[in-house]
Trainee: 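Just dropping this structure here.
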Number of protein chains: 2
Amino acid sequence: MKTEDDLLALDNQLCFALYAANRAITARYRPLLAELNLTYPQYLVMLVLWEANQDGKTVRVSDLGKRLRLDSGTLTPLLKRLADRKLVTRLRDTVDERVVTVAPTEKGIAMRRQAREIPGRLLCGTGIGEERIVALREELRSVLSLLEAQGEPSGR
Amino acid sequence: MKTEDDLLALDNQLCFALYAANRAITARYRPLLAELNLTYPQYLVMLVLWEANQDGKTVRVSDLGKRLRLDSGTLTPLLKRLADRKLVTRLRDTVDERVVTVAPTEKGIAMRRQAREIPGRLLCGTGIGEERIVALREELRSVLSLLEAQGEPSGR
DNA sequence: GTAAATTGTATTGTGTACAATATAATGGAG
DNA sequence: CTCCATTATATTGTACACAATACAATTTAC
């Protein structure tokens, strides 16, 4: 009885630790991203676009979805808000009209310069060492791949 | 240049690993919690209420907020939905009318029995060992406390 | 004892998440 | 060539998150 009860204790749940840590980190990002007028998911989208832009690759909405594990119901309005602010362009492919290609504008690309300071500023002062961050990140990536490998036929 | 660029690479960001892993775990919970007709945050609220109920303690909205790191804007509508389904009661304190005490109903308490199987069913088949889960959970808790200790004057 | 600050919850508005559904375009199978 | 499954995105609806604000009750300062 005691054992099963313990399993339901909030503090014993990995998921809650993940849930709380995720929101705590996002909360740390918020004031930094506010300087760029970006939300956290918008920032992630920009990261993907900046990377692709440097590699000379184009990015479709579905590519963003696969990379960030988000569906169109999340991405479409988010991208429209970024497009309204002239940070990205959304162009429907003329060959295959089902496809919408997303690219950063000059303004969007320029924002990358300011974004560069963010990772450095984020964790400084928290007393979390570099190697600890790397270890945790890799463990999370490993767990993520295990979670995604099992169960459902494929990622969304 | 290369170094700073790497810092902005999506795969090098702890925050994204956390963000993706959190949503992957929540997605794993979803079908299990659907059997109870609970969302994941609703489940967390019930966990807190079940714990307090066993300890004979009362829980105020602000207690839930502190424990789960959620504010009233999230909790109030969530608790109203649980109350609509007769899983919890929301009673305004007659002495201090600012206080609302939340408690599970008989129906809410009965649900605990079904919830017990969930932690066990969740990760079975993923190939993630028990000790690995514990280690990751403790590391996340440690990081969380460091994140919460610094910066802002206090937690929300 | 009363004004001011604090506390506890609620409300409003914006922005994700995601299931379910819709819609349009493409690529075969026949 | 045409029906049909598939693909890519968009739309709708529900439910968080959280900032900002509101407001009533309580506590503190004086």
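Below, read A as the first sequence line, B as the second, and so on, with proteins coming before strands; counting in each chain starts at 1.
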Trainee: May I have the step-by-step check of side-chain contact (heavy atoms from CB on, under 4.5 Å) for A/T101 and A/V99, ending in yes or no?
Mentor: CA-CA 6 Å; A/T101 300; A/V99 175; 4.1 Å; yes
Trainee: Does B/D71 reach the main-chain N or O of B/T74 with its side chain, forming a donor-acceptor pair under 3.5 Å?
Mentor: yes
Trainee: Using atom CG of A/N22 as one end and atom C1' of D/dA17 as the other, report the distance to the nearest whole Å.
Mentor: 11 Å
Trainee: Compare side-chain N and O positions of A/S72 against OP1 and OP2 of D/dT9 and report whether any pair is under 4.0 Å apart.
Mentor: no
Trainee: Which one, D/dT11, D/dA17, C/dT9, comes nearest to the side chain of A/R23?
Mentor: D/dA17
Trainee: Under a 4.0 Å N-O cut-off, is there an ion pair linking A/E106 with A/K86?
Mentor: no
Trainee: The side chain of B/R92 lies closest to which of these nucleotides: D/dA17, D/dA10, C/dA10?
Mentor: C/dA10
Trainee: Is B/L78 touching bases, backbone alone, or none of the nucleic acid, heavy atoms closer than 4.0 Å?
Mentor: sugar-phosphate
Trainee: Is the distance from OP1 or OP2 of C/dT16 to the nearest side-chain N or O of B/Y19 less than 4.0 Å?
Mentor: no
Trainee: Taking only the side-chain nitrogens and oxygens of B/T76, find out if one of them lies under 4.0 Å from OP1 or OP2 of C/dA10.
Mentor: yes
Trainee: Check this one for me: any side-chain N or O of B/R98 less than 4.0 Å away from OP1 or OP2 of C/dA10?
Mentor: no
Trainee: Determine the contact category for B/V102: base if any of its heavy atoms lies under 4.0 Å from a base atom, sugar-phosphate if only primed atoms, P, OP1 or OP2 are that close, otherwise nothing.
Mentor: nothing
Trainee: Could you go through A/L7 and B/R116, starting from their C-alpha distance and side-chain angles, then the distance that decides it, and tell me whether this counts as side-chain contact (heavy atoms from CB on, under 4.5 Å)?
Mentor: CA-CA 8 Å; A/L7 280 178; B/R116 274 198 180 147; over 6 Å; no
Trainee: Can a donor-acceptor pair be found, under 3.5 Å and without considering hydrogens, that links the side chain of B/E51 to the backbone of A/A9?
Mentor: no
Trainee: Starting at CZ of B/R30 and ending at P of C/dA20, how long is that distance when rounded to a whole Å?
Mentor: 10 Å
Trainee: Ring-plane angle category for A/Y40 and A/Y29, please: parallel below 30°, perpendicular beyond 60°, tilted otherwise.
Mentor: tilted
Trainee: Rounded off to whole Å, could you give me the CG-to-P distance for the B/L79 and C/dG8 pair?
Mentor: 16 Å
Trainee: Whole angstroms only, please: what is the CG-P distance between B/L68 and C/dT9?
Mentor: 14 Å
Trainee: Evaluate A/I25 against B/Y19 for side-chain contact (heavy atoms from CB on, under 4.5 Å), listing each step before the verdict.
Mentor: CA-CA 9 Å; A/I25 287 243; B/Y19 173 76; over 6 Å; no
Trainee: On DNA chain D, does the nearest nucleotide to A/P77 precede the nearest nucleotide to B/R81 from the 5' side, or the other way round? Give the residue.
Mentor: A/P77
Trainee: For the side chain of A/V99, counting heavy atoms from C-beta on, which of C/dG15, D/dT9, C/dA24 is nearest?
Mentor: D/dT9
Trainee: Over how many whole Å does the gap from B/D96 atom CG to D/dA25 atom P extend?
Mentor: 10 Å
Trainee: Could you tell me how far apart A/L33 (CG) and D/dC18 (P) are, to the nearest whole angstrom?
Mentor: 14 Å
Trainee: Please report the distance, rounded to the nearest Å, between CG in A/D71 and C1' in D/dG13.
Mentor: 13 Å
Trainee: Could you check whether B/K66 gets within reach of a base, just the sugar-phosphate, or nothing at all, counting any heavy atom under 4.0 Å?
Mentor: nothing
Trainee: Considering only side-chain heavy atoms of B/T74, which listed nucleotide, C/dT16, D/dA8, D/dC16, is closest?
Mentor: D/dC16
Trainee: Considering heavy-atom distances to DNA chain D, does B/Y40 or B/E97 have its closest nucleotide positioned more toward the 5' end?
Mentor: B/Y40
Trainee: Side chain of B/V61, heavy atoms from C-beta onward: which of C/dG15, D/dT9, C/dT9 has the nearest atom to it?
Mentor: C/dT9
Trainee: Using OP1 and OP2 only, check whether a side-chain N or O of A/K80 sits under 4.0 Å from C/dG15.
Mentor: no
Trainee: Grab the CG-P distance between A/L38 and D/dC18 for me, whole Å please.
Mentor: 18 Å
Trainee: When you measure from the side-chain N and O atoms of A/T39 to the phosphate of C/dT16, is any distance below 4.0 Å, counting only OP1 and OP2?
Mentor: yes
Trainee: Between B/T26 and B/N22 (side chain of the first, backbone of the second, donor and acceptor by atom type, cut-off under 3.5 Å), is there such a pair?
Mentor: yes
Trainee: Is the backbone of B/G108 close enough, under 3.5 Å, to the side chain of B/T105 for a donor and an acceptor to pair up by distance?
Mentor: yes
Trainee: Please pick, from C/dA25, D/dT9, C/dT9, the nucleotide with the shortest atom-to-atom distance to any side-chain atom of A/S62.
Mentor: D/dT9
Trainee: Measure from the side chain of B/R60, starting at C-beta and using heavy atoms only, and say which of C/dG15, C/dT9, C/dA17 lies closest.
Mentor: C/dT9
Trainee: Among the candidates C/dT9, C/dA25, D/dA10, find the nucleotide nearest to the side-chain atoms of A/R90.
Mentor: D/dA10
Trainee: If you take any heavy atom closer than 4.0 Å to DNA chain C, which residues from residues 41-51 of chain B end up in contact?
Mentor: none
